[in-house]
Amino acid sequence: MADEAEDTSNQFAYKITGTLTNNTDKEKSYIQIEYVLSDADGTQVGTALANTNHLKAGGSWKFEALGTVSPDQVASWERSDVSGF
């Protein structure tokens, strides 16, 4: 994982961008990354996620994980899962 950052330029969606690298020696048919979005009280207000297909062994993916939560509702975010097969 590298360069994770938030993008609050859209008032109707929360976006986290970054780069994920397949550090295995096998292509992944499907990969998903998910983040938990929380308000100032620490209460979960939504999730942001992104997915892709056919990430080659050693390949990198520039992702944009989107959540349908207004940026003014989000005080913090945390990566909750990276899964693939």
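Quick caveat, the model's predicted, so the values are computed rather than measured. Residue indices begin at 1 and follow the sequence shown.
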**Study point:** Distance (rounded to the nearest 0.5 Å) between Gln32 CD and Leu49 CG
**Key:** 5.0 Å

Point to revise | Glu78 side, atom CD; Glu34 side, atom CD - distance, nearest 0.5 Å | key: 11.5 Å

Review point. For Lys28, what residues pass the salt bridge (charged side-chain N to carboxylate O under 4.0 Å, His left out) criterion, not counting sequence neighbours?
Key: none

Practice item. Evaluate the side-chain proximity of Trp77 to Tyr14: yes if any heavy-atom separation is below 4.5 Å, no if none is. Key: yes

Study note, to complete from the structure: Closest heavy-atom pair, Trp61 versus Leu55, reported as atoms and distance to 0.1 Å, is CB-CD1, 4.0 Å

Exercise for review: Ignoring hydrogens and angles, tell me if any N or O in the side chain of Asn22 forms a donor-acceptor pair with the backbone of Gly59 under 3.5 Å.
Suggested key: no

Review point. Under 4.5 Å between side-chain heavy atoms, hopping through other hydrophobics if needed: is there a path connecting Val69 to Leu66?
Key: no

Check your understanding: Side chains of Glu27 and His54: closer than 4.5 Å at any heavy-atom pair?
Key -> yes

Review point. Does the side chain of Gln73 reach to within under 4.5 Å of the side chain of Asp39, using non-hydrogen atoms?
Key: no

Revision key, fill the gap. Value for CD1 (Ile16) from OG1 (Thr47), rounded to nearest 0.5 Å, stands at 10.0 Å

Review point. Got a sec, which residues hit side-chain contact (heavy atoms from CB on, under 4.5 Å) with Ser60, two or more places apart in sequence or on another chain?
Key: Thr19, Thr21

**Study point:** Gly67 to Ala48 - nearest heavy-atom pair and separation
**Key:** N-CB, 3.8 Å

**Study point:** Asp41 side chain to Thr43 side chain, donor-acceptor N/O pair below 3.5 angstrom
**Key:** no

Check your understanding: CZ/Phe12 to OG1/Thr68 distance, rounded to the nearest 0.5 angstrom?
Key -> 12.5 Å

Check your understanding: What pairs with Phe85 under ring pair (Phe, Tyr, Trp, His ring centres under 6.0 Å), at least two apart in sequence or on another chain?
Key -> Tyr30

Revision key, fill the gap. CG (Leu20) and CD1 (Ile31) are apart, to the nearest 0.5 Å, by 5.5 Å

Practice item. Indicate yes or no: at least one non-hydrogen side-chain atom of Ile33 is less than 4.5 angstrom from one of Phe63. Key: yes

Exercise for review: Decide whether Val36 and Val82 are clustered together by the hydrophobic rule: side chain heavy atoms of Ile, Leu, Val, Met, Phe, Trp, Tyr closer than 4.5 Å, transitively.
Suggested key: no

Review point. Looking only at heavy atoms, what is the nearest atom pair of Ser76 and Val74, with distance?
Key: O-CG1, 3.4 Å

Check your understanding: Closest heavy-atom contact between Ala13 and Pro71?
Key -> O-CG, 3.5 Å

Check your understanding: Under a 4.0 Å N-O cut-off, is there an ion pair linking Glu6 with Lys15?
Key -> no

